[in-house]
There are 2 protein chains.
Amino acid sequence: MSTALAPLPESSTAHLVADRIREAIWQGTLRPGDRLVETDLAERFEISRGPVREAIRLLAPEGLIVLRRNRGAVVADPTFDDVLEVYAARMTLGELALATVARRGVDRATFDEVTSLLDRLRDPIVQADPVSMLEADLAFQDALMRLSDLPRIAAMLENSGRDAASFVRLLGITYESTDHDALIARHERTLAAIAATNPAEAVTAWQDHIRSTVAEFARGYREVGAFSVDQHPLFAYLLSSPRQEES
Amino acid sequence: MSTALAPLPESSTAHLVADRIREAIWQGTLRPGDRLVETDLAERFEISRGPVREAIRLLAPEGLIVLRRNRGAVVADPTFDDVLEVYAARMTLGELALATVARRGVDRATFDEVTSLLDRLRDPIVQADPVSMLEADLAFQDALMRLSDLPRIAAMLENSGRDAASFVRLLGITYESTDHDALIARHERTLAAIAATNPAEAVTAWQDHIRSTVAEFARGYREVGAFSVDQHPLFAYLLSSPRQEES
DNA sequence: AAATCGTAGATTGTCAACAATCTGTGCGCA
DNA sequence: TGCGCACAGATTGTTGACAATCTACGATTT
């Protein structure tokens, strides 16, 4: 109900195209280093170059594609460093958002709405498809962060979530092996902390979540090929430092 | 020397226009609520609507202007909440960047380069002009954050710096009363911590810097008109919580 | 053989005209 | 008076053509 009456989605042509490009990258149709030629894309989508150009400019600041002056755009070729950086930003901004939520508290209705998004993650049909699972997970986390009433920070987190997913995909790491129950349990822990207006616990739960996720990816990355991930400064920062938040 | 051979600046027409618009907002030529009509701006700059449109799209995600579907863009009308949010993001991202710098250490040449940027802040001519002072300050902080080798996070910090400055300006707060010596001393403290590869101290110094800045603005805001800033959740978060960083 | 120069093709950057959409005003009607 | 509706003007969204720029490749020179 309340989601039905929410503001209409940003469905400009440029946004639609941007979503399609993101999807193509996700699916592997577009691979790292591939050029994004405005003319070609315009032809494929059967529109003019204007909106395509705008879509590319929309994607660029997220880091998914790289823009070079007068030379067009190419799909980014991320390293594991990039994934770590995005998750580090995600961790620290999430801490801020959740600490704010938990400190201020939220009204019952809004809280229930977010809780209901968690149900989708429990749906066996959703769990069967990695892509659906990822989307449901991101939708939940987005809603969670929006509780903070910090629109800028919530927006940064939304972008970083999409980026992180695509980066991981571009690196050739599969997301399928994730333990669904553990994921849901971590999210429940965060929600409980918010309900109890316990900022420190909310932050800790979030840190755990990011750490688990990064650890998962690091495992996948070591399998794929991979470098000495473990002594990376950010990796240390992310994994081994249960930082303290005041309550 | 090393700055002379650095990559060329992003000087596309759209970027130039975006800078001009930012400048106009800063100078007060464009005021909160003013509409940014593509046709008008194109005429003023004597170019077509294309680059103007692109410039507006460039400014929008930074929060300086608000975009409404099919209804164009207007200059944002920020509240002090917005300023706090931007500074909160700036504090937490800066902590991450500086902790990384201080943990990894930097080579002498790069460090000296950043140090030299601090000299500009000491120049009496620069100090005499608030705008120059602000620009020099931002340039220093940008360079400082770029030491982290975390390009995404450094970029977020750059944007937030420009935003914060414009927001403060839009709120009608003057920046002139800042104590220059104290500002420089805080920056020196951060640099010293980096040189000593002491992450905890670098983070603390940065927190102090943000706190001083926010406190300054809060004072100005109370003078201008203003609400009960002091019991804002983020204000509490920013000012009264010397959070702990591990070393 | 190596390096430089110049040209052709491809691609992005810019433009001005057209189409779609929105805002506000004034009229008719209860 | 208050409400709904239609229309005109203004403004954004989209398009296809043109200009500027870059890349690649081969000719020319040393």
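Since the model is a prediction, treat every value here as computed from it, not as a measurement. In what follows, chains carry the letters A, B, and so on, assigned in the order in which the sequence lines appear, proteins first and then strands, with residues in each chain numbered from 1.
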Could you check how far CZ of A:R69 sits from C1' of D:dT23, rounded to whole Å?
16 Å
Side chains of B:R57 and B:L67, heavy atoms from C-beta outward: is any pair under 4.5 Å?
yes
Expected output is a numbered-order residue list: members of residues 31-38 of chain B with a heavy atom under 4.0 Å from any atom of DNA chain C. What is it?
none
Please output the side-chain donor-acceptor pairs of residues 36-45 of chain B that fall under 3.5 Å, not counting sequence neighbours, one pair per line with the distance.
unit_1: B:E38; atom_1: OE1; unit_2: B:R49; atom_2: NE; d: 3.0
unit_1: B:E38; atom_1: OE1; unit_2: B:R49; atom_2: NH2; d: 2.8
unit_1: B:E38; atom_1: OE2; unit_2: B:R53; atom_2: NH1; d: 3.2

So the ring pair (Phe, Tyr, Trp, His ring centres under 6.0 Å) pairs with at least one residue in residues 133-156 of chain A (sequence neighbours excluded) are A:F140-A:H187
Can you find a side chain N or O atom of B:R68 that sits less than 4.0 Å from OP1 or OP2 on D:dG13?
no
Looking at side-chain heavy atoms only, is the closest gap between A:L170 and A:V75 below 4.5 Å?
yes
B:E158 side chain reached by B:R146 side chain, heavy atoms, under 4.5 Å:
yes
Any side-chain heavy-atom pair from B:Q141 and B:W206 closer than 4.5 angstrom?
yes
Does any part of the side chain of B:W26, heavy atoms only, come nearer than 4.5 Å to the side chain of B:L134, both counted from C-beta?
yes
Got A:D163 and A:E85 here, is their nearest side-chain heavy-atom distance under 4.5 Å?
no
With heavy atoms of chain B within less than 4.0 Å as the criterion, where does contact along DNA chain C begin and end?
C:dT14 to C:dT23
Hey, can you pull the donor-acceptor pairs under 3.5 Å for the side chains in residues 147-157 of chain B, sequence neighbours left out?
unit_1: B:S148; atom_1: OG; unit_2: B:M145; atom_2: O; d: 2.7
unit_1: B:S148; atom_1: OG; unit_2: B:L150; atom_2: N; d: 3.1
unit_1: B:R152; atom_1: NH2; unit_2: A:D82; atom_2: OD1; d: 2.2

Contact list please: residues 45-55 of chain B against DNA chain D, heavy atoms, distance less than 4.0 Å, in numerical order.
B:R49, B:R53
Start with the C-alpha gap between A:R162 and A:D142, add the side-chain angles, then the distance that decides, and say whether salt bridge (Lys or Arg N to Asp or Glu O under 4.0 Å) holds.
CA-CA 10 Å; A:R162 302 294 176 288; A:D142 290 347; 2.9 Å; yes
